[in-house]
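Throughout, protein chains are lettered first and strands after them, A, B, ... in sequence-line order, and every chain is numbered starting at 1.
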Amino acid sequence: MFSFMIRRLGHGVVLILIVTAITFFLTYGAGIPVATNILGKNATPEAIAKLEAQLGLDLPMGQQYLNWLINAVQGDLGRSYFSNEPVVDAMATRLPVTLSIVFVAAALMLILSTILGVASAARPGILDNILQFISVITFIFPTLILGLGMVFLFAVSLKWVPAVGYTDLSDSPTRWFAGVILPAIVLAIGGIAALAAQIRGSMIDELEKDYIRTLRSRGVPERSLLLKHALRNAASPAFTTFSLQFIGMFGAALFAEKIFALPGYGTYGYQATVTGDLPALLGASLFGILIVVVVNLLVDLANGWLNPKARLT
Amino acid sequence: MTVPERQATLDANHVEERRKGSFARMLRNPLGLGALVLLTAVVMLGLLEPVLSAHDPNFSSLTAVNTPPFSPDYLLGADQYGRDIWSRSLVAINVSVISGLLGAGVAVSIGTVFGLISGYVAKRTDAALSWLFNLVMTFPALILVMILYPITGGDYKIMMGVFGIFISAGIFRLVRNLVLGVRNELYVDAARVAGLSNVRILSRHVLYAVRGPIIIASAFLAVASIGIQAGLAFLGLGSSQLPSFGLMAGAAFLNIYQHPIQMLWPSLFLAVMTGALVMLANAYRDSLAAPNAVPKKPRTHTVVPPIEETGATDSAASIDGNQDQARSKGNLLTVRNLRVEYPQADGTYRSVVKGVSLDVNLGEVVGVVGESGSGKTQTAFSILGLLPRQARVSADLLEIAGEPISAQDDRTLRRMRGSALAYIPQEPMSNLDPSFTVGSQLIEPLTAGMSKKEARATILALLARVGIPDPLRTFKSYPHQISGGMAQRVLIAGAVSSRPKLLIADEPTTALDVTVQAEILDLLRDLQGEFGMGVLLVTHNFGVVADLCNRVVVMKDGEMVESGDVRSIFHAPSKEYTQQLIAAILDENTTRSDPPAAAPSALNKEHAR
C-alpha cells in the first residue's frame, strides 16, 4: 500500500509538471503583448522593452519556465501583472470560496445518490422510474440554466436567500451556508443522477453475485446483505465515478461563481485568462491540477481501504 | 467467401439487422418519435434562419428596447439593447447545433479510433493509450478550455474542438472496453482465421458491435458540448458579435429583475434541444435493450398452497415409482410437483423444472443427478428460496422439517435459512464476500443467537473440525488469501455452523482439484454422520452419487427420469439416459470446465456440455 501511494504521488508530480509546462508554453508562447497590455498602447518601445526585461519575458522560454518552477517550489507564484497581488495570496482567499460550494455539493451528491441508488437497486419499479426521470430532467437543464432558474426562483421571486455574495465560514456559519447552498445545489444536481445510476448498477451487479446468495442461505438479514455486503463491494467503482464528478464540479463551479457572483477560484482564473494575466493563469492551473491530484489520491486511499485486494499492492 | 468469413458477415449482418430494428422500434416509442420531431423542428428553424429572420440579429433599435414578446414585428420581444430576440435565437440555434456536432464529433472520432486501436492491439499500446486518456480524463475540461482561451482567441468552433478532445476519454474507455469484450468473441476469431486484415476486422465487425453504445454516448456528448458552449458564451468567453444562447442568457441575466421573461427564451431553446437529445438517446437505448428485456414481475417465492394433499401425493407417487408413497413423519424434505419458470422476452414463460417430486429423510443422503441444464440446481435453489426475483416457483407441496412452505410466505424460509436449512455452493471463491475477512462473514449469522465471543469460538472450533490447519490464520484472512480447497472447507464450516437439519450441497466438489475432491467428499460424509443431517446432494457425477448417497433422483431437461435406491439404479438403470450418466463416470477424470450454473445463465448453458 505504501509503495502504491508513493507511485501515485510520483504520478501526480509528473501530471503537475506536464500540465503546468503545457499551460506555460501555450500561454507564454501565444505571443500575447503583455507589456503593451500593461502599459497601454501609447507606451514607448523602450518602456516596453524595459518592462519585459523586468518581468523576465525577454529570456528564452525554457529558462522562463524553469525560473517559474524554481520559484513555485519555494511557494512564490509571482504577482498578478495587473493588480500586483501575489498569486499565492489570491489563491488563499479564493480557493476557500470555491471549495466551500464544491464540498457542500459533493456531500449533497454523495448522500442523495447513495440513497437513490441503493433504494432503486433494492426495489426496482417506481423508484427506478423516478431515478430515470430525474436523470432526464437534470440533463435537460444544463448547470447554467439550472443556476439561472434557481436564482430567479429562490432569490428573485421568493427572496429566501441572498442572490449573491459570500460570507466566510469563520464569520458566520449560517450566512456562509445561505450563500453556499444554492450554488452547491446547482452543482450537485447534474451529478446526482449519474452517480445514483452508477451506484444502482454496481449494487445490482453485487446483489446478483454468488456470495450474496450464500450469505442469504445462512440467514444473514436482507438489510445487512444490502447495506453491509453489497454496498461495501459496490462502493469502489462508485468512488471512482464520484472523483470524476468532483473534478467536473470544480470546473463547473466557474458558472456557479459567475451566476451567484462569488469571488472564487474560477472567477480568478477567468479574469486571468481574459486579461492575459499569465502568472495568475499559471497559478490557477497549478492549483487546479493540485486539487485533481489530491482528489485522486484520496480516492485511491478510499479504494484501498474498501478493497482488501488493492491494499496489498 | 470462406465459411468462417461468411459466418462473420452473417453475424455482423445480424447486428446490423438488429440495429435497423432498434431504430424502427425507437420511432415506435412515442417519446423517441416526439424527441426526434422536436429536434428536427428546432434544427430546421436554424437552417431557415435567412428566411425566418425578421431583423439583423445584431441591430439595436432604440425604439424597441425591452419590447415585450408577441409584439408585432418582435415575436419574442427585444432585449435591453433593442435587438430582436427571435432573430438572435435563430442564429443561436445554429451556433448550438454546430457546437454539439463539433464537440461530439471530435470526441467520438478521437475516442473511437484510439479506443479501437487500444482494445484490439492491447498490450503496450493499450497500456500507453489508457494512461494518456486517464490523464486527460482527470482534468476538468472546462478549466482547460478556459486556460487555452488566449490561444483559441475565443472562436467557439476551435474551443468546441478542444473541448471535444478533452471529453474523448469517455468514448475511448467505452470503445476500448467494448472491443476488449468483443475481441475474443467467436466471429472475430473466425474472421481472423479467415485472413481478414486487422483494419477490416476493426472497421467492419467490431465497429458494428459497438456502434449502439457509441451513438448513445455521442448524444450525451453533444448535450455536454452545447451546455459548455452556452456556459462559455455566458461568461463572455467568445465573440460578442455572434448571437448564442449563452450570450443571450448573459444579457438577460443582467436584466433579470426588470424583465425576467427575456431569460425564458434562451433557456427554453437550450432545454428543448438538450432534452430532445437526451430523450432520443434514452429511447434508442431502450430499443437496443428491448429484445432482452425481461418483463418485471417482482414476485419472489410463490408456492401454490397444497390443493388436496392426498391428490398431490398421489400424482407424485406415480412419478416416484416404488418410493415410499406417503410422506412419513420425520421426513425432512417433501417436494411434490415442483415447477420453476422464467419469463421470456415475448412474455411467455419457460419451464426449467417441470414437476419434480422428492423426499429426504432424517440422516439420509439423496442425490440429484443430471447434466448441466437439467434443472437440478434450479430445484435446489427453489427449495432454499434463493432463486432470482423473476423466477416463478410453484409446487403442490413443499414441506421442510415438517413445516409447509406456503404461498407468498418468504418468512418461513428466511427463518429456516440459517437454522434448519443450509447450503454449500459450487464455486468456493465467488461465494465468499471479498471485502470481509473469512471470520467476520462466518460469525455474522451466528451473532443473532449468541455473543460475538461465543460465535468466534464456535467458528474457530468448526474451522479446525473441517480440516483447516491454522484456523486462527484462516479466520483472519481475506478470501483472496486462501486456496480454493480451503475456501470450500470454510463454506462447509459456514453451512454447518447453524447445526442444520437439511443440508443442500450444489456440486460441492466440482470446482476443486481432483485430489481435494475426495477429501471434501469424505468430510461431507463424516459431518453428515456426526450431525445426523439429511443431505440433498446436487451433482452431475454419478460416481459421487454412488460414493455418498442412499437414494438418487435422475433429472434431464427439467424432468425426473427416474428415482430410487442408489444401488438398484446403479446396477440396473431402467432408462438409457441413466446408463449414459453411469458410463460417464469413467470419463470423469478432470474437473468440469463449464462455469457454475447460476440461475439465469443456466438457461443458456443447456447444451454447453
Side-chain angles (χ1 to χ4, degrees), chain A residues 15 18-19 23 26-27 30 32 123-125 132 136 139-145 148-149 151-152 156 208-220 224 229 232-233 243-244 247-248 250-252 254-255 258-259 266 269-270 273-274 276 281 284-285 288-289 292 296 306-309, chain B residues 135 137-143 146-151 220 223 226-227 230-231 234-237 246 249 253 256-257 260 263 267 270-271 274-275 278-279 282 296 298 384 386 388 414 417-419 422-423 425 427 430-436 441 444-445 448 478 480 491 494-495 498 598:
Chain A
L15 195 63
I18 292 177
V19 172
T23 316
L26 284 179
T27 50
I32 300 167
R123 297 192 203 292
Q132 296 290 328
V136 172
F139 264 113
I140 287 176
F141 298 105
T143 310
L144 174 69
I145 301 300
L148 296 174
V151 168
F152 181 68
V156 177
E208 280 174 359
K209 283 196 176 160
D210 289 351
Y211 71 86
I212 291 285
R213 187 172 55 212
T214 298
L215 286 169
R216 186 176 283 140
S217 83
R218 287 200 213 120
V220 173
S224 165
H229 296 280
R232 171 85 177 252
N233 283 291
S243 74
L244 290 176
I247 291 163
F250 199 72
L254 173 58
F255 296 141
K258 176 86 176 175
I259 294 169
Y270 164 75
T273 201
V274 179
L281 185 54
S285 75
I289 193 68
V292 168
N296 284 334
L306 284 168
N307 183 357
K309 268 190 223 175
Chain B
L135 199 135
M137 197 156 168
T138 51
F139 207 78
L142 181 62
I143 292 185
M146 201 179 76
I147 289 171
L148 295 177
Y149 173 74
I151 298 133
F220 286 96
V223 168
I226 292 173
F234 174 81
L235 292 174
L237 292 175
F253 186 55
I256 194 167
Y257 285 93
M263 198 69 240
S267 307
L270 273 178
T274 55
V278 171
M279 282 194 288
N282 279 352
K296 273 181 190 151
L384 284 158
L386 294 178
R414 207 178 295 165
R417 296 196 294 258
S419 59
Y423 158 68
E427 174 68 49
S430 67
N431 278 287
L432 288 167
D433 184 338
S435 297
F436 290 87
Q441 48 189 307
E444 192 181 349
Y478 284 96
H480 70 275
L491 287 165
S498 62

> Can you tell me how far CZ of Arg213(A) sits from CG of Leu384(B), rounded to the nearest 0.5 angstrom?
Replying inline: 9.5 Å
> Tyr270(A) and Gly236(B): which non-hydrogen atoms are nearest, and at how many Å?
Replying inline: OH-CA, 4.0 Å
> What pairs with Tyr423(B) under side chain to side chain donor-acceptor pair (under 3.5 Å), at least two apart in sequence or on another chain?
Replying inline: none
>> To the closest 0.5 Å, what do you measure between NZ (Lys209(A)) and CG (Asp433(B))?
In response: 9.5 Å
>> At a heavy-atom distance under 4.5 Å, which candidate from Asn233(A), Leu215(A), Val220(A) has the highest pair count against chain B?
In response: Asn233(A)
> At their closest point, which heavy atom of Arg216(A) faces which heavy atom of Arg417(B), and how far apart are they?
Replying inline: O-NE, 3.3 Å
> If every non-hydrogen atom of Ser217(A) is compared with every non-hydrogen atom of Leu386(B), which pair is closest and at what distance?
Replying inline: CB-CD1, 3.6 Å
> What are the two closest heavy atoms between Tyr211(A) and Leu432(B), and how far apart are they?
Replying inline: CB-C, 3.5 Å
> How long is the gap from CE on Met263(B) to CG on Leu148(A), to the nearest 0.5 Å?
Replying inline: 4.0 Å
> Looking only at heavy atoms, which two atoms of Ala495(B) and Arg218(A) are closest? And how far apart?
Replying inline: N-NE, 4.1 Å
> Which answer fits Ile212(A), side chain, backbone, both or neither, if we ask what part of it has an atom under 4.5 Å from a heavy atom of chain B?
Replying inline: neither
> Heavy-atom distance under 4.5 Å to chain A: side chain of Ser267(B), backbone, both or neither?
Replying inline: both
> Taking atom CG of Leu237(B) and atom CG of Leu254(A), what is their separation to the nearest 0.5 Å?
Replying inline: 7.5 Å
> Where does Ala448(B) contact chain A at under 4.5 Å (heavy atoms): side chain, backbone, both or neither?
Replying inline: neither
> For Pro425(B), is it the side chain, the backbone, both or neither that has a heavy atom under 4.5 Å from a heavy atom of chain A?
Replying inline: side chain
>> Testing the basics here: between Phe255(A) and Leu235(B), what is the closest heavy-atom pair and its distance to 0.1 Å?
In response: CE2-CD1, 3.7 Å
